Amino acid sequence: MKEELTKLLAKQLESEVTENEIAKLIEIPPDEKLGDYALPCFALAKKLRKSPANIAEDIAKSILNESLIEKVQAVSGYLNIFIDRKWLSSKVLHLALDSHFGAGNFKETTVVEYCSPNTNKPLHLGHLRNMTIGESISRLLAYLGNKVYKTCVYNDRGVHICKSMLAYRDFGGGINPEEKNIKPDHFVGDFYVLFAQKAKEDDSYEKRAQELLQKWESGDTETVTLWKKMNEWAFAGFHDTFRLFGTSFDREYYESNIYKHGREVILKGLEQGLFKKLPDGAIVVDLTNKGLDEKVLLRSNGTSVYIVQDIYLAHLKAKDFSYDRSIYVVGNEQEYHFKVLKEILEILDTKVSGGIHHLSYGMVELPEGKMKSREGTVVDADDLIIDTSLLAEEEIRRRYQLTEEEVKERALKIALAAIKYQLLKTETGKNMVFNPKEAIRFEGDTGPYVLYSYARASSILRKADISISIEQWSANEHEARLLKKIYQFPDIVKLSSERLTPSTLANYTLELCQIFNEFYHECPVLRSEIAGQRLALVAAFRNVSGKCLELLGIDKIEEM
RNA sequence: GCGCCUGUAGCUCAGGGGAUAGAGCAACGGACUUCUAAUCCGUUGGUCGUACGUUCGAUUCGUACCAGGCGCGCCA
């Protein structure tokens with residue numbers, strides 16, 4: 001955004017200060033009355049052996065006649081710069097009407113793993129935050145020119161899976177989800193809940209789940225058939241939710257396929273002297289020199305612990321994709337796990353470990369506190385989407401006359417925008433409170449606000465009977481504010497992807513829309529003498545806000 | 001006990017070595033014969049957890065403390 005300015009200022013300071021240093025210093029003043037950009041000269045004082053005030057004054061004099069400068073003021077050590085309104089209008093419109101505005105050319109191969117559910121429980125609010133982040137970061141990286149593969153690993157085996165199987169076998173009576181008219185993953189989840197109830201009444205029930213696991217591991221036909229059947233129900237349900245929510249995966253991995261293979265990697269490592277064997281036969285890796293603990297990899301009975309399958313999966317992904325980066329979107333409670341994983345991979349193969357990155361996101365809590373399955377306070381993903389959608393339907397019916405089909409389709413998009421935006425706007429790494437009542441609010445700092453702004457812009461363009469004009473004009477304060485905000489978009493995309501925080505983009509998107517709505521109220525477009533230019537500005541806004549929505553994984557609507 | 005993270009308005013959250021700390025919600029008051037009022041404008045609301053330190057300058061960086069969250073399995 002400030003390249004031209006940086007170059008210009010660097011030229012004034014000759015070889016004494018680099019462009020990079022200048023770029024870091026340039027800022028946007030707290031009040032736009034002070035200027036569009038500012039250079040605080042305090043840090044330069046020592047180097048140039050001049051007072052900040054003098055530096056500012058000297059630069060001010062020397063750049064006064066540049067074409068992009070409207071005026072400059074040296075104010076108590078700050079160099080305040082006002083950009084020429086004509087230059088601004090022409091510059092920004094040329095850039096922002098391009099459909100590749102802000103796109104990049106990085107060409108790295110990145111694998112993004114996210115969602116990764118257990119097949120014994122339906123998806124919940126936590127998964128939704130995970131999925132919005134995973135989807136958005138994938139889109140951001142792809143927009144910057146990277147090749148992105150989205151992956152998901154299903155935790156489809158283990159004693160917890162056997163629990164729902166056991167309850168179904170004993171109490172399911174051979175019924176299936178269609179007969180009961182329940183979404184299949186919920187159907188499976190209900191038996192997991194039933195298991196917990198039965199286990200409370202009967203102490204031996206836990207043990208029987210363990211026995212079932214042994215049967216499964218030994219390949220018992222009946223058990224494996226039941227396992228397959230229930231997992232297929234779970235997968236069918238998950239895929240419905242993925243479709244509803246608007247996400248998908250390029251490759252799906254199954255824990256049941258990979259959990260055994262890690263052993264070989266560990267044993268090979270032992271041969272190479274990378275790990276050590278304890279007297280009882282357990283194989284461990286010593287990470288104490290990395291400030292971590294000693295970690296068991298293979299138990300004394302020869303079986304592998306959980307992290308071993310992550311070790312194997314990392315190798316598998318490296319083989320499948322030859323990635324430069326491998327991002328794991330997983331909650332912050334697993335930070336230690338991923339630190340350990342990365343260190344172990346570092347010991348085994350730096351090609352695999354090099355690109356490993358844990359994108360840690362914060363937990364989702366409710367206003368009453370944490371979600372607890374025991375207390376039934378878990379917010380189910382499908383229920384949330386459906387409930388929000390119904391509320392959106394009411395709002396639509398109250399305002400517009402549409403067919404039932406149109407109402408439903410639009411309501412779903414608005415509901416998803418509301419949920420996704422709410423989940424994305426809090427800084428990605430931080431815990432957040434999700435208030436379902438606020439998520440279904442359609443005013444203020446919300447997804448629907450952003451959709452509405454976009455639809456407004458679309459509406460103007462639809463109704464215009466003139467064409468846009470990119471001829472420069474002297475933008476007024478509202479137009480200039482919008483132009484400057486649009487101008488920031490490429491920087492925001494870059495920042496958001498560097499920090500792996502879609503929240504950065506989400507917050508920018510809202511600010512952009514706020515400025516557009518101010519402009520909308522203050523500056524009539526079609527009735528204006530510069531209708532062509534304002535229409536171009538609206539088109540630029542529509543392009544950029546639409547891009548923001550796409551990158552956030554939110555479907556646009558042309559009419560609200 | 002050790003490690004990581006968080007603490008900003010009544011609530012949910014932005015921001016961030018610099019110029020008077022922002023938004024949304026809530027409360028109150030305004031603006032629809034108008035390109036969509038799911039919008040906009042205004043008022044009220046803050047010792048940026050506390051104390052030291054670094055700095056020309058700290059809410060932002062460092063240390064300590066206080067408060068909250070999470071982690072530290074031969075669980076997954």
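All figures in this text were calculated on a predicted structure; none of them were measured in a lab.
- Within the 4.0 angstrom heavy-atom criterion, only backbone atoms of the sugar-phosphate kind lie near A:N431; the bases stay farther away.
- Residues A:Y449 and A:Y421 keep their aromatic ring centres 6.0 Å or farther apart.
- Contact check of residues 505-514 of chain A against RNA chain B (heavy atom, cut-off under 4.0 Å) returns A:N507, A:Q514.
- Between A:R481 and A:E477, at least one side-chain nitrogen of the basic residue sits less than 4.0 Å from a carboxylate oxygen of the acidic one, meeting the salt-bridge criterion.
- Look at the P atom in both B:A51 and B:U59: the space between them is 11 Å, to the nearest Å.
- Remark: A:Y452, A:R456, A:S459, A:I460, A:K463 in residues 451-463 of chain A come within less than 4.0 Å of RNA chain B through at least one heavy atom.
- The cationic group of A:R129 does not satisfy the cation-pi geometry with A:Y361, failing either the under 6.0 Å distance to the six-membered ring centre or the 45° limit from the ring axis.
- The listed nucleotides are B:A76, B:G71, B:C35; the one nearest the side chain of A:E333 is B:G71.
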*salt bridge (charged side-chain N to carboxylate O under 4.0 Å, His left out) between A:K50 and A:D58, worked out*: CA-CA 10 Å; A:K50 278 200 282 191; A:D58 289 353; 2.8 Å; yes
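- The residue A:E522 sits apart from the nucleic acid: no heavy atom pair falls under 4.0 Å.
- Glycosidic conformation, B:C32: syn, with the torsion inside 90° of 0.
- A:A38 comes within contact range of at least one nucleobase, with a heavy-atom separation under 4.0 Å.
- The side chain of A:R399 sits closest to B:A38 out of B:G18, B:A38, B:C13.
- Helical stems involving RNA chain B, defined as 3 or more consecutive Watson-Crick or G-U pairs under 3.5 Å, span B:1-7 with B:66-72, B:10-13 with B:22-25, B:27-31 with B:39-43, B:49-53 with B:61-65.
- Relative to the side chain of A:F442, the nucleotides B:A38, B:G18, B:C13 differ in distance, and B:A38 lies closest.
- Between A:E365 and A:N301, the residue whose closest nucleotide on RNA chain B is further toward the 5' end is A:E365.
- At least one donor-acceptor pair under 3.5 Å links the side chain of A:S116 to the backbone N or O of A:V153.
- When the shell of 6.0 Å around NZ of A:K342 is examined, it contains more than 12 heavy atoms from other residues, nucleotides or ligands.
- Note on A:P29: a base of the nucleic acid sits closer than 4.0 angstrom, heavy atoms only.
- For a distance-only test at 3.5 Å, the side chain of A:Y520 fails to qualify as a donor-acceptor partner of the base of B:A37.
- Comparing B:G18, B:G71, B:A38 by their nearest atom to the side chain of A:F42 picks out B:G18.
- In this model, the phosphate group of B:G73 is not approached by any side-chain N or O of A:Y306 to a distance below 4.0 Å at OP1 or OP2.
- Between A:T426 and A:N431, the shortest heavy-atom distance links the atoms CG2-O, 4.1 Å.
- Using modelled atom types, one side-chain atom of A:R441 and one backbone atom of A:E443 make a donor-acceptor pair closer than 3.5 Å.
- Residue A:V305 is in sugar-phosphate contact alone, with no base atom involved, counting any heavy-atom pair closer than 4.0 Å across all strands shown.
- Of all nucleotides listed (B:C75, B:U20, B:C56), B:C75 comes nearest to the side chain of A:R299.
- Nucleotides B:G10 and B:U44 are separated by 15 Å at their P atoms, to the nearest Å.
- A cation-pi geometry, defined here as NZ or CZ lying under 6.0 Å from the six-membered ring centre and within 45° of its normal, does not hold between A:K163 and A:Y192.
- Under the stacking criterion of a centre-to-centre distance below 5.5 angstrom and an interplanar angle below 30°, A:Y449 is not stacked against the six-membered ring of B:A38.
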Grab the N/O contacts between the protein and nucleotides 2-5 of chain B below 3.5 Å, and write none if there aren't any.
residue : atom : partner : partner atom : Å
B:C4    : O2'  : A:E335  : OE1          : 3.2

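- Interface remark: the A:N80 side chain does form a donor-acceptor pair with the B:A19 base, using a distance-only criterion of under 3.5 Å.
- For the pair A:E395 CD and B:A37 P, the computed distance is 16 Å after rounding to whole Å.
- A donor-acceptor pair under 3.5 Å is absent between the side-chain atoms of A:E375 and the main chain of A:K372, judged by distance alone.
- Side-chain contact annotation: A:N231 with A:T119, donor-acceptor N/O pair under 3.5 Å present.
- Contact annotation for A:E559: base contact, defined as any heavy-atom pair under 4.0 Å involving a base atom.
- Comparing atom distances between the A:V433 side chain and each of B:G15, B:C13, B:A38 picks out B:C13 as nearest.
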Please enumerate all protein N or O atoms sitting under 3.5 Å from an N or O of nucleotides 25-28 of chain B, with distances to 0.1 Å.
none

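- Within the 4.5 Å cutoff, side-chain heavy atoms of A:K425 are placed close to those of A:Q422.
- Taking the P atoms as reference points, B:A26 lies 27 Å from B:C48, given to the whole Å.
- Checked against B:C35, B:G69, B:U36, the side chain of A:M560 finds its nearest nucleotide in B:U36.
- Side-chain atoms of A:D293 lie closest to B:G73 of the nucleotides B:A76, B:C74, B:G73.
- Each of A:Y254, A:Y253, A:Y312 was compared with A:H261 under the ring-ring contact (aromatic ring centres under 6.0 Å, His included) criterion, and only A:Y312 meets it.
- Qualifying salt bridge (charged side-chain N to carboxylate O under 4.0 Å, His left out) partners for A:E255, counting only residues two or more places apart in sequence or in other chains: A:R157.
- Across all strands, A:L292 comes closer than 4.0 Å to no nucleic acid atom at all (heavy-atom distances).
- Heavy atoms of A:N120 sit nowhere under 4.0 angstrom from any nucleic acid atom.
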